[in-house]
Structures are given as structure tokens and as C-alpha cells.
Number of protein chains: 2
Amino acid sequence: MRVTRDFLRGRGRDAMSEADKDILERAVDRIDTLPARTIVTRRGDRLRNSTLLLEGAMCRYMDARDGFRQLVALQVPGDFVDLHGYPLHRLDHDVGTLTEARVAVVPHAAIDSIVADHPQLARILWRSTLLDAALHREWIFRIGRLDAAGRIAHFLLETYHRLKATGRGGNGTFELALIQQDLGEACGLTSVHVNRTLRRLREEKLVEAVRGTVTILDESGLARVGEFDPDYLYLEEGPWQAAAA
Amino acid sequence: MRVTRDFLRGRGRDAMSEADKDILERAVDRIDTLPARTIVTRRGDRLRNSTLLLEGAMCRYMDARDGFRQLVALQVPGDFVDLHGYPLHRLDHDVGTLTEARVAVVPHAAIDSIVADHPQLARILWRSTLLDAALHREWIFRIGRLDAAGRIAHFLLETYHRLKATGRGGNGTFELALIQQDLGEACGLTSVHVNRTLRRLREEKLVEAVRGTVTILDESGLARVGEFDPDYLYLEEGPWQAAAA
DNA sequence: CGGAGCGTTGAAGAGCATCAACTGGAGTGG
DNA sequence: CCACTCCAGTTGATGCTCTTCAACGCTCCG
């Protein structure tokens, strides 16, 4: 089975030819396992490799003066976590694991060859970094315009759809390795307020989150609260489209 | 004089060979002038061209249900406003002008040729879209972790540095075509609170913003309030580095 | 000269942060 | 096997930041 099986899965992987998939697969130098809750790369680091997340959860974040951090991205399996480090050379933020993580390491030299010799695959890699940027934009919207309930609803739905696209979760349930503190750091809230807000969402029978498992009770109600529309995830045919058809 | 003169100016343009600059210049199909305060492309639009901003100010934004909008990017001259539309094909947000804008239109077909035949230039275009993503991340941090004064301070310093990199502004002064309402939409604040916060920043002799002109009175003080570090702009040698040397 | 758009200010209140205390479960060592 | 600690979650009390609503002034322009 291919190590890169989940790359762009459910999000345009079909645009890759079998040859492209082989080339990407061969670009992998090695597989690493990273322990939970550790820093992988720091702001300012010069990168020589990029990391494809195979299993587990990672995040990208920035530190504020007061000691709190702001997550700028949650990475799920199939994500090319720091591919943007390839054209940028150095990172503008920290990267860390949330759970133990299995990753494939891809040397930038291998990507150089892809860019030089396989423009079609290069465009797909480029595209994958821009899917990340689309997520960034939605995070700006989420934090800038939604209240606490909306932010959490939106974040949970986003994560649900992303995980579902890779075959993890579905049927309204998924595993989420974030504690309430992390959730707050993702949504610009304190863990205390996350706790109260989750209680409200639970009382309103919209969503439940207990011990790392999220259960969506009322997806359309949650989508209303979070003003959520999965367009920006650029997913392939999904259940909301299938339902409309 | 080259139309694409300001592309990546002050932010890695030197990595482009003269040949690359010529190729990019020839990729321009035509020059358009867009009126102020109009929508250029809408969420969901399929794009066949991308737009290089030559003069003026544009923005990218998303609408919330309550009628307010959230800016996700401010575009200054030299920005390839919607180059991400090339690998993504369709947009996940709206693009509009703030002032009258002069733009260069680049057909995606021309970029196809660049990707196929000029990998070095393609990587530079790729990089330019990731500079945008780095800005997105900093916007997430700004809105998620800073208070009103910090957000405005950070936003003004970011814009100052970006404009300075293209030769516009410097010496602590620059033209900013945003009304207080826009500033609020960029920073996740109401225009009323922007007004009060600007007054405070003025009273503390940090920055003045009157009728489209921003005057930075105390750059280091402002940077402290906004927790601002221009690293993420990936600027070439600038005054803060020159001062350190 | 009247209106529209932007800026400014005041008053009141909602939402979220802060501080603090307590619960329950998991892991650890006696 | 039980005390102990640690960590995540939970809840209460209080106050600040920012929003909301409203009014008014200024400037530009038809």
C-alpha cells in the first residue's frame, strides 16, 4: 500500500495520474515516528525536508508574549504539513505534534526534481499548499466574525469534513486529539470559555465532545451556528452534494 | 519600464533572472483600470486569468450572515492578487477594489507555459502565493491573540512595511485607502471601536491616521503594542536589519 | 443648500476573560 | 491496595473589553 495514499484524498487526488503517484511515492526518503506533544520545527528554522503526515495529529502555531499560543492550522493525515517550507526556505511559525505521529519525510531535493521534470505533479503540489491557504482564510473569518459558539461549531465541522475525506470518521463521529485548551488556542478563546460553550452546544443537542471523541448530533443546526459551508475545503463529491442531487 | 516591476519587489525579486522577468512581462495580456469600491470576482467564480495589482488598493473578503464582511487580505501594488486561483480554479472568497486600481491581466494559459517550461520561475510564482499564506497566518494570530490596540498597531505596521518594500511610503508615513469601517473589517472590530482605539493610539503618541494618511510616530512603541516582528513578510534587507548591522 | 458619507462621542449592556476552587480519572509510589 | 499527584474538565463570581444603539459634527459634492 502506498505511503502517500491519503495525500489529497477526497480533495482532488484523482487529478494525479498513476505515474504521478509513483513519483511522489518515490520522493519519500523515510518514515519517522514523532512522540506526542513535541515541537518538530521552530520559527526561523531552515528546512531541507518537508513532512507528509501519515497518522496522528499535528499543528502549526505562533506564540504570543503572554505565553499563550495561537494555532494557525490543524494537520490531519494526508496533509503535507510544511510543504510551504519548500518555496519559502524558512518557517514563520512553529510546528508540533498533538498526538504521536507517523510521518513521511520528503527531501526538498526530490521536490526540485519534480518541479523540473513533472510540471503536472508540481502544479498539484502547489495546489495542495493553496488548499492550506484557503483554510487559513476561513480561520480568519471564523475568529474575526463569529462568536464563541460559532467558532467552535465551525472548527468542529471543518475538522469533521477533513477527516471524513480521508476515511476517518463519518456518520457524525470522529476522534479529535485536542484538549479544551487546544480548542481555545485554535479559536481565540480561553479554555474556560470553551468549556462553557461546549456545554451550551451539548445542551442545545448540536454536538457532544467527550474524551477525544466528537459526536455531531445536528449537523445542519451546527452549520447554522457556525455559518459553515464546506466549499472552501475543495472536497470532491460529498454527502451534502449527493443529498442535493 | 516593466509593468511587473513591483512583483516581489523587496521580497525576493532578486531571485528572478532577467530572462524570468522578461517571461513574466510577456505573460501579461492587457492592462485594465478598475473603479474604486467594486467587486472584481465573486466566491465560486471560475478563473481563466489572474490579476497583478499595479497601482491602487484591493482586498479579499468573506461575507458573514449579519451583513458584515471579514477582510482576509489587503493587496498592495506588486501583489499577484488572485494567483492562487490558478491552481485552485475557483475562488473561495470575493475580491474587490478599495481605490481605483490599475491591474495587469495574466491568462492562466500563459502560466501553464511557465510551469511547463520554466520551473525556476514557476517556483517563484509558487513562492509568491505562499507569502500570501504567511500573511494569512499572521492575520489569524493578530485577530486571535491581540486586543484592539494590538490588532490595529500590527495591521498598520504590516501595511507600512509592505508598502515601503515597493517604494511607497517610508519615513514613517504612508497612504492608506481604508476608512475606519474597513479597518474594523480587517481586524475583527466595529468601526466605533476602531475610532476609539485610534484615538488612544494617537493620545499615546504612537500613530496618527487622518484622511487616508498614516503617520507612525513611535515605531518601536507600536511594535510592542502589536507584538510585531516583520520576519513573516520575508523582506529583503530592511532598516531593522540595517540598524542591527 | 441639502444630503450622504465618514468620523466622533456617549450610554448601556453582552460576551468573554480572569481568578479561584473543586471534581474525577489516570498514573505512581509507598 | 490506598494515598498522592497531576492533568483535564467543570463551575462560580467578578470585571473589563468590546458591541450596540443613538446622536451629532464635519466635509464634500450635487
Within the structure shown, what part of the strands sits under 4.0 Å from G212(A) by heavy-atom distance: base, sugar-phosphate, or nothing?
nothing
Got L8(B) and L131(B) here, is their nearest side-chain heavy-atom distance under 4.5 Å?
yes
Within-4.5 Å side-chain heavy-atom neighbours: L130(A) and T129(B)
yes
Any chance the rings of H84(B) and H136(B) have centres within less than 6.0 Å?
no
In degrees rounded to 10°, what angle is found between the helical axes fit to the five outermost pairs at each end of the helix from dC1(C)-dG30(D) to dG30(C)-dC1(D)?
30°
Between T213(A) and E175(A), is a side-chain hydrogen bond (donor to acceptor under 3.5 Å, both in side chains) present by the stated rule, with each step listed?
CA-CA 5 Å; T213(A) 301; E175(A) 301 301 311; 3.2 Å; yes
Given the options R69(A), Q70(A), Q180(A), E185(A) meets side-chain hydrogen bond (donor to acceptor under 3.5 Å, both in side chains) only with R69(A)
From the options L157(A), L222(A), L156(A), select the one residue that forms a side chain to side chain contact (heavy atoms under 4.5 Å, CB included) with F228(A).
L157(A)
Between V207(B) and L217(B), is any pair of side-chain heavy atoms under 4.5 Å apart?
no
What is the ring orientation for F7(A) with F80(A), classed by angle as parallel under 30°, tilted 30 to 60°, or perpendicular over 60°?
perpendicular
Would you check if R90(A) and Y234(B) make a side-chain contact, meaning some heavy-atom pair closer than 4.5 Å?
yes
Touch class at under 4.0 angstrom, heavy-atom based, for G184(B) against every strand present
nothing
Would you tabulate the nitrogen or oxygen pairs shorter than 3.5 Å linking the protein to nucleotides 5-12 of chain C?
residue: dG7(C); atom: OP2; partner: Q180(B); partner atom: N; Å: 2.9
residue: dT8(C); atom: OP2; partner: Q180(B); partner atom: NE2; Å: 2.8
residue: dT8(C); atom: OP2; partner: N195(B); partner atom: ND2; Å: 2.7
residue: dT8(C); atom: O5'; partner: N195(B); partner atom: ND2; Å: 3.3
residue: dT9(C); atom: OP2; partner: R199(B); partner atom: NE; Å: 3.0
residue: dG10(C); atom: N7; partner: R196(B); partner atom: NH1; Å: 3.2
residue: dG10(C); atom: O6; partner: R196(B); partner atom: NH2; Å: 3.0
residue: dA11(C); atom: N6; partner: R196(B); partner atom: NH2; Å: 3.0

Counted 5' to 3', the first and last nucleotides of DNA chain D within 4.0 Å (strictly under) of a heavy-atom of chain A are dA8(D) to dA13(D)
Taking C-beta and beyond as the side chain, do L189(B) and I152(B) meet within less than 4.5 Å on heavy atoms?
yes
Distance, rounded to the nearest Å, where F68(A) contributes CZ and dC19(C) contributes C1':
12 Å
